[in-house]
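Structure record follows, encoded as structure tokens.
Ligands are counted one by one from 1 in listed order, and the atoms in each one are counted from 1 as well.
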Amino acid sequence: MPNLPVLSQPNHPSAAAVSDSLTETRKQEVIQRLKQVIEPTLKHDIVSLGMVRNLRVVDDYVYLRLYIGQHQHPLPAQIQAILSSLSWCKKTYIQLCTIPGVRTTLAISSGKGGVGKSTVAVNLAAALSQQGAKVGLLDADVYGPNVPHMLGLGQADVQVIDTPNGQRFLPLEAHGMKVMSVGLLAEPDHPLAWRGPVLHKIVTQFIQQVDWGDLDYLLIDLPPGTGDAQITIIQESPICGVILVTTPQQVAIADVRRSVHMFRQVGVPVLGMIENMSYLVDHSGAAVPIFGNGGGTQLSVELQAPLLGQIPIDARICTGGDAGQPLALTDPTSAIGQVLNQMAATLKATFCSKPSLS
Ligand code: ADP
């Protein structure tokens, strides 16, 4: 008998293919239901906000990770209720990803180094703290961990304490804020030689291993750039959204455009942009746009991401950073102080910060 060629049978899909397509259909059903769950402060659905990750459907069971802040704890019950109405769904397993005690976690990012990301993170944290919020600042910028210096902490010793959840780093205190930095774990003047594959693991773990206590806001100063490591850190951490810092130059703007697209592609909400070094106030009081004009506004319209503020160039923010005294605290009525206070007020209005942690 001649050997017959093995033919595929397009009209009779294999059992595996049928099962794959059923799983995919169910997954889409789950996504549609989850899109009906609205996060009350950001007023968007939890899928668009990137709060649901690692969604899997296995037979009649749904598994997902939910990234939430302390104030969003009613959401799991809503998810359970909405998915239980699917006829085939026997049970939903939700893995909660949260930082104990932290209400809102915000990441500060930039397309590249030197645009003032850490300066903005420190001063924005200071402005939030001055407005009465309980604030923590985590310096995760492994390439230039300058936050402790900018807050006058130097190379302080980090204590490790025992907690019911295991050993944790005790944050330092500066100007009423809690501070922790990857730089405090390294020897002074020795760069942290962490690269891509280990970088995100170490930083993600580090974020979870600090005993923050009760915080309204945790700001995370990320390493610059939007490579795999940075995106993974944000994706794997309970971050409510990312704020991008840029300067008005065309090259920096191009970087931010790329960053915004990249963060959105992987489901991380971009809360807005901050344009730093926007202008210099000359001796007559006129604003001189040294690095170009209107880039941030144009980008904000194009990308539909709010421009949270434009920070002028001021040598005092530099000297304040060197002296460990954030300008937002030492001179809150300066032009920079006012812009930062306005930004802090916008964030507080968005996240309805109430010192109500128990
Ligand atoms: P990044 O974190 O993006 O690498 P830094 O915050 O370390 O940047 O800032 C780089 C330098 O620019 C620092 O010396 C800082 O003091 C200075 N700088 C940042 N913003 C301003 C500003 N608005 N006016 C003047 N100097 C600034």
Look at the side chain of K90 and the backbone N and O of D60, then say whether any donor-acceptor pair between them is shorter than 3.5 Å. no

In the protein, what heavy atom is nearest to atom 8 (O) of ligand 1, and what distance, to one decimal place, separates them? G116 N, 3.1 Å

Can you find an N/O atom of K112 closer than 3.5 Å to an N/O atom of ligand 1? no

Tell me the nearest of I108, T119, V339, L222 to atom 9 (O) of ligand 1, using heavy-atom distances. T119

Y61 and Y93 aromatic ring geometry - parallel, tilted or perpendicular at 30°/60° bounds: tilted

What protein heavy atom sits nearest atom 18 (N) of ligand 1, and how far away is it? M277 CE, 3.9 Å

Quick check on contacts: which atoms of ligand 1 are under 4.0 angstrom from a heavy atom of I313? 23 (N), 24 (N), 25 (C)

Check if G114 has a non-hydrogen atom at a distance under 4.0 Å from any atom of ligand 1. yes

Report yes if some heavy atom in the side chain of I311 is under 4.5 Å from a heavy atom in the side chain of N123; otherwise report no. no

Kindly compute the distance separating CG (L303) from CZ (R257), expressed to the nearest 0.5 Å. 6.5 Å

Would D314 count as being in polar contact with ligand 1, using the rule that some N or O on each side must be under 3.5 angstrom apart? yes

Sub-3.5 Å N/O-N/O distance, I317 and ligand 1: no

Sub-3.5 Å donor-acceptor pair from the side chain of S110 to the main-chain atoms of K112, do we have one? yes

A student checking ligand 1 against C318 at a 4.0 Å heavy-atom cut-off should list atoms 14 (O), 16 (O)

Of all residues at least two apart in sequence or in a different chain, which pass the salt bridge (Lys or Arg N to Asp or Glu O under 4.0 Å) check with D45? none

N/O of M150 under 3.5 Å from N/O of ligand 1, yes or no? no

Shortest protein heavy-atom distance from atom 2 (O) of ligand 1, along with the residue and atom involved: S118 N, 2.9 Å

Check whether any heavy atom of A315 sits under 4.0 Å from an atom of ligand 1. no

Give the residue and atom name of whichever protein heavy atom lies nearest to atom 20 (N) of ligand 1, and the separation in Å to one decimal. N276 ND2, 2.9 Å

Are the side chain of Q209 and the backbone N or O of Q167 linked by a donor-acceptor pair below 3.5 Å? no

When you measure from atom 11 (C) of ligand 1 to the protein, is at least one non-hydrogen atom found at a distance under 4.0 Å? no

Flag, side chain of H175 to backbone of G324, donor-acceptor distance under 3.5 Å: yes

Q36 atom CD: more than 12 heavy-atom contacts under 6.0 Å: yes

